[in-house]
Amino acid sequence: MTATAERPATTIFRRPRSKTGIWSWITTVDHKRIGIMYGYAAFAFFIIGGLEAILLRVQLSQANAEFLTAGAYNALFTMHGTTMIFLFVMPASAAFMNYLLPLLVGARDVAFPRLNALSWWVFFFGAIFLYSTFFFGTSLPPIGPDAIPGNLPDGGGPGSFNWISGSPDGGWFGYQPNAGPFYSPGTAMDYWAGGLQILGLSSLISAVNFIVTTFNMRAKGMRLMRLPVFAWMTTVTAFLLLFSLPIIAVALFMVTIDRQFGSLFFAATAGGDPILWQHLFWLFGHPEVYILILPAMGIVSEVFPVFSRKPLFGYSAVVFAGAAIAFLGFGVWAHHMFASGITPVAQAAFGLATMTIAIPTGIKIFNWLGTMWGGRLRFTTPMLFAIGFIAMFTIGGLSGVTHSIVPSDWQQTDTYYIVAHFHYVIFGGAVFGLFAGLYYWFPKYSGRMLDEKLGKWHFWLQFIGFNLTFAPMHWLGLQGMVRRTWKYAPEMGLEGWNQAVTAGAVIIAISILIFMWNWARSRRRGRVAGMDPWDARTIEWMTPNPTPEHNFSEPLEITKLDHFWHLKYDEDEEGRPRRREDADAMLEHLEDVGNNPREPIHLPSSSFFPFLVGLGVPIIFYGIIYHTSIAGKALIVGGILLILASCVGWGIEPVDEPHYGDHDEEHGEEPVAEEGELVDD
Amino acid sequence: MTDVAHVEPVHEEHESTGVPTLKLGMWIFLSSEFLFFGALISNYLLYSNRAGFEGLYPAEIYDIPFTSVSSFVLLMSSLTMVLAHNALSRGDQHGTRTWLFATAALGAVFLGGQVFEFTEFIVNYGMKLTSNPAASAFYVLTGFHGIHVAIGVFLLLSLWGISHRRGGLSEKSGLNVEMVGLYWHFVDIIWIVIFTVVYLISLPPA
Amino acid sequence: MSAEHQHPTPSQYWKIAGILAVITAIEVALFYIDRELELGALNAWMLIALSAMKFVMVIGWFMHLRYEKGLVSRFFAAGFGLAIGVYAIVLAALGVIVIRGG
Amino acid sequence: MRRTGIAREGLWAAKLVARRDSPYDAEPMASSGRLARVFALMGLAFLLGACSLVEIEDAVLTTFEPAGPNAQRIDDLFWMVFWIATGVFAFVVVALIVLVLRFRDREGAKEPKQLHGNAKVEVVWTVIPAIILAAIAVPTVQAVFDLTECDPAAMKVELIGHQWWFEAHYPDYEVDTANVVVIPAGREVCLEMTSEDVIHNFWAPSLHGKRYLVPGQWTQLKLEAYEPGEFWAHCAEFCGLSHSLMRARVLAVSESEFETWVAEQQQPAVLPEEGTQAYEGYQVFVNRGCTQCHAYRVDGEGGSEIAREAFNGPDLTHFASRHVFAGATLPEFGEDRETALARWLADPPSVKPGSFMPNLALSGEEIDDLIAFLEESR
Ligand code: HEA
Ligand code: HEA
Ligand code: CUA
Ligand SMILES: [Cu+2]
């Protein structure tokens, strides 16, 4: 670690050095900062997606309401679904994964820090690209069935400011041919397809990175079967991403080429097969729903043991069940197509396959209950959310099982019963799990605790609001409320319950506002967390709070599952934990060396290139949308050149420059954080 | 893209599995590419012999001798690639440089062949992307393969360029050569499948 | 890098390439033989078998998978196996692959 | 790195904590007991709520009132699974409540024994769900095979989806109609379905589940009603702007009524007498381009040949025999038919966003004439 390394002659830019301010965020490769950026972005999109949902709900609170136009309604539910899934839950999970995975495996960073920054910037620009459809996109009426294939409508240039109705309106699963060139002309669906493509690229990069991190970056003695469950679920999720994203990539390319260049994959009039799209989409889409839930399952698997003061019951069963869910998740996609006219053999086979997923999921649920059994349960906010997760997710899971009963799914599919199912599993499951994680790991990020009292208000209001919103959807659906209806007739008898649903959504909004207030306040004035605020079990808590930039200061040697716990506790004759004499001394030591490493620690250097490569990607996609014009062609070429040039720079730039990135005190540029203001703003 | 794990290890064993991090990453990425090309190939299989399309089916106009030659060229580029890597591991900078360039050149020849083939199909036979779904599937499948080859050529030429620097390719770049090699061979095996399944086996509808 | 020692030598690489070339030649020959003799499914299976041989040889020797840790081949095989599995089912569901008795 | 302010504070907190047995003990006990009870109550209330799906009076598209053997079979299956699922949920929630009440942290509670798992219970909670599922699977698979494909001998009705209405064609009788599918009660009818544009999804919940209408492909759905009656149907797959206004009706009638209906429909329209308002309407109909899209079969005049030049709209020959129109969304609740028709003819896209029937800028008088004419077209 000589500080005398020469500055290589080949770098294009001066190596970014700032540790604070906007540039430090743009060039950072620190997994924690990347995680934080993911987190804030995801939350912003939660609010946006939530406001879209509120607009939908206002429209639906009356029969034959005229609050929104049909076009606006269709645009809003499309963007609501797309936003919530791709811009909220996935990046929110990515936030936890980024922040925690290296800490959980005992590493200083992920395997490829710059690739990690790249996946964040690709995500960021992809999200902007997708939402720029509100400014640039156009959504025109269908051309009709007599349209001649190959004779595409004009793309429509930028500049048609058409707020809501300029947004994609084909539903989050963009069924063909409705979302194809003849029935959704205009550019809005191109923004949708391109946006998803970019977001997929981002997740694919992360997936490779996380898998390699788990397998290769583990601390000494951190065997696979000693990994915290969240690390496991991250890895399993990464595999799901790895294998499902290429499929949607192909499907989206096919749509884009259909729409832009006149190929005929889904043009039914020319022999294209619209059902092919459904297979490809759901072949991705079903693994995707487990991508949404598995990280949350990982989170609650960390929370239950801590607040039960017992190890996770059946650790290996929980891990294998997660892997089994992922594996089976690839074999059930056609359960979204039971009404599509596939053969009875296929329907039966997919129905049976779908049912089997209940088994590993049940194993997880029961093991969590087993963890609580005989414990010393303390109902902190994270624990409340985790318990809420079990109850609410089970409802959603069981309604999922009723969908797997193929004939009853023929009645349920495309009704609000489905909407109820997936909000129960996604909101009641994934989102509850994510909130459990936020309350639990907030001290890691900020060094302070979220307020418990406000937390409990948040939980209970959200719990009540959630059930008021989504429980009535079950009976609304079974009694005839079709999905994606802008209007329903008064004689359908749906109005009363729809009003309850809308009221519930408002209660959720209030609970979220409480949470935001709690967050903003506790970041500055929350109770100081100290070293080990929850008396936790896993090694991420062996670093001080907030986590120092270099994570661990001293080499770790992992000897057990729940290593940290066993450093603090041994067991008495009855098998009850007994705090070791030296536990507090150890904590004090950890906090001290954590904040004041004994020797300089060498960290990856910041880099401009991930940002630049990420910037290049949407430029290409803008170019593709307007490829018939000169400007479009220029954008394509420009984007490619920007990416290639940045890649060359990236390749030449040494991965780290001790002299510049060094973390020693002489440079001492990092701010002295006051009052919990670490370097994150 | 090159990125070497360089985070200072918290402990001695740097790579818990013993496989270099970059290499593990490359293998994992490649395993996902199966799903990518699998979708494209399935798409082609779905449409290639559906009856009743307007216009020509790709399988009616393949030029097998021509494609055989270009397939052979791509296959042999795998040989030159592996020779480049081998030369580097023996410290033979000159050999490395030569073989890298040969590989890129063979790749470029293959691409040229593809451009020729497409032009032939479009101009002489009038089978366009927009002719029918089978034609669309053909162009998109072989086109995406071609893009992969082009990226490979770019990577190879970059390595070749770097190899001219003083001191040639370092040992660290040895890993990079191996990575590009893995990618290159992978693109080759995909073509092995495409050549057999798409060109030799698939038939137009009876 | 002890594994490096077991890697094939250049002359072995040339030999493997030779075999690959021969197999390719046989494949092309089969294509023409089939035109005359109408081998049907047999032809397809032979071609698939031959290309599988090429596939395995490139992966095993050129990509050195034979010399890698088992973990790597497992990852790689997972992607391959999954692709074969799911796309076979998709094609079956779309009626391209006809499963007899089904 | 310098120790930050917060870190110093933190160390202080850790010391404070160290005076107790463990930081867990240092936590204020809060009101976990009370909370636990609240939670238990919530769970109980929820369980009660879930036990009975709330029945909505007069929900016209309800799945809870099967009116034919197919829907009945599905309903039975659903309720069986519903009760099993409720049982499973009850088990989980009761377990949760018991755990929460029994193992909540109390003053002076001992540290728990460190249980890592138990292979036996692991097997139990793997096998029991598997058995439950296997039990559900059997009737499911049987029902799938029984309910998917039509009896080849059944009467066929071709149903063709359009943005945003259903066209029905009776090949055996050469009858064309729209949005109102008339079937004889008490016998199986096979809908053979396809679409002209995008994917639609036909759903008449009282008679059967849903089936797609896919452009370029044919799907089947068997319909059977026990008794005569009128059943609502809806397009269930998102199909563009007016998906929510794409409904239909299935009218099950007795065999004899069905025969009469067929006979009537087979007749060409009777032209109105000259000089009547209806006749004026007929003139408007012919001269204002309606026939570009609408078939109107008149004896000898070959009405259907002039039709469909431009676009495929509903056959209007026996328009007045259909009690609902425009995708079965008009007339609206409480509206009389003429007002609805006037509204429709004046500006279809404002009634049904995106409708392919354009606003033809008809005058009020023309509209009145057209109404007179259309209302006579039985
Ligand atoms: C987080 C996301 C998530 C999760 C985890 C799930 C989980 C499941 N889903 Fe869901 N699903 C979605 C998100 C999710 N789903 C979405 C977004 C859609 C709609 C997409 C769209 O159309 O827009 C959808 C749609 C959907 C459909 C298609 C419906 C239709 O459109 O017709 C089906 C059909 O089978 C289905 C089934 C299931 C099943 C069986 C599970 C199982 O994994 C559930 C397993 C869990 C349990 C069963 C509970 C716990 C288990 C026990 C307590 C053990 C004992 C249990 C028994 C013995 C039964 N889901
Ligand atoms: C992660 C997934 C997720 C989440 C969290 C949600 C959350 C919600 N969803 Fe939705 N939803 C989907 C995923 C999700 N949804 C998907 C995939 C679809 C299918 C789309 C399709 O058909 O294509 C769908 C569809 C869907 C529909 C059906 C539309 C239709 O078919 O016509 C409805 C209708 O009620 C709905 C409602 C809601 C509501 C009320 C919430 C609420 O829970 C939202 C709660 C959040 C808020 C209310 C924001 C709170 C904050 C504030 C308001 C604070 C404001 C503060 C400031 C401005 C400073 N969602
Ligand atoms: Cu037709 Cu919805
Ligand atoms: Cu699914």
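Within every chain, numbering begins at 1; the chains are lettered A, B, ... in the order of the sequence lines, protein sequences first and strands thereafter. Heavy-atom basis, side chains included; hydrogens, waters and symmetry copies ignored.
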Inset, instruction - Calculate, to the nearest 0.5 Å, the distance between atoms CH2 and CG belonging to C:W14 and B:L79 respectively. - result: 5.0 Å
Inset, instruction - Determine the minimum heavy-atom distance between C:V28 and B:S68, stating which atoms define it. - result: CG2-OG, 3.3 Å
Legend entry - Contacting region of B:S32 [heavy-atom separation from chain C under 4.5 Å]: neither
Legend entry - C:F76 ring center within less than 6.0 Å of B:F34 ring center: yes
Legend entry - Interface moiety of B:A87 toward chain C, non-hydrogen atoms closer than 4.5 Å: neither
Inset, instruction - Compare all side-chain heavy atoms of C:I59 with those of B:I189 and state whether any distance is below 4.5 angstrom. - result: yes
Inset, instruction - List the atom of B:N86, the atom of C:P8, and the distance in Å for their closest heavy-atom pair. - result: ND2-O, 3.6 Å
Inset, instruction - Would you check if B:L30 and C:F75 make a side-chain contact, meaning some heavy-atom pair closer than 4.5 Å? - result: no
Inset, instruction - Select one option (side chain, backbone, both, neither) describing which atoms of C:F31 are under 4.5 Å from chain B's heavy atoms. - result: side chain
Inset, instruction - Measure C:L47 against the heavy atoms of chain B and call it side chain, backbone, both or neither at under 4.5 Å. - result: both
Legend entry - Side chain / backbone / both / neither for C:A44 at chain B, heavy atoms under 4.5 Å: both
Inset, instruction - Could you tell me the separation between the CG atom of C:N43 and the CG atom of B:L200, rounded to the nearest 0.5 Å? - result: 8.5 Å
Legend entry - Rounded distance (nearest 0.5 Å) linking atom CE of B:M26 with atom CE of C:M63: 9.0 Å
Inset, instruction - Could you grab the distance from atom CD1 of B:I192 to atom CE of C:M57, nearest 0.5 Å is fine? - result: 9.5 Å
Legend entry - B:S42 to C:L91 - nearest heavy-atom pair and separation: O-CD2, 3.6 Å
Legend entry - Residues from residues 18-25 of chain C approaching chain B under 4.5 Å (heavy atoms): C:L20, C:A21, C:T24
Inset, instruction - Over all heavy atoms of both residues, which pair between C:V58 and B:H185 is shortest? Give the atoms and the distance, please. - result: CG1-CB, 4.0 Å
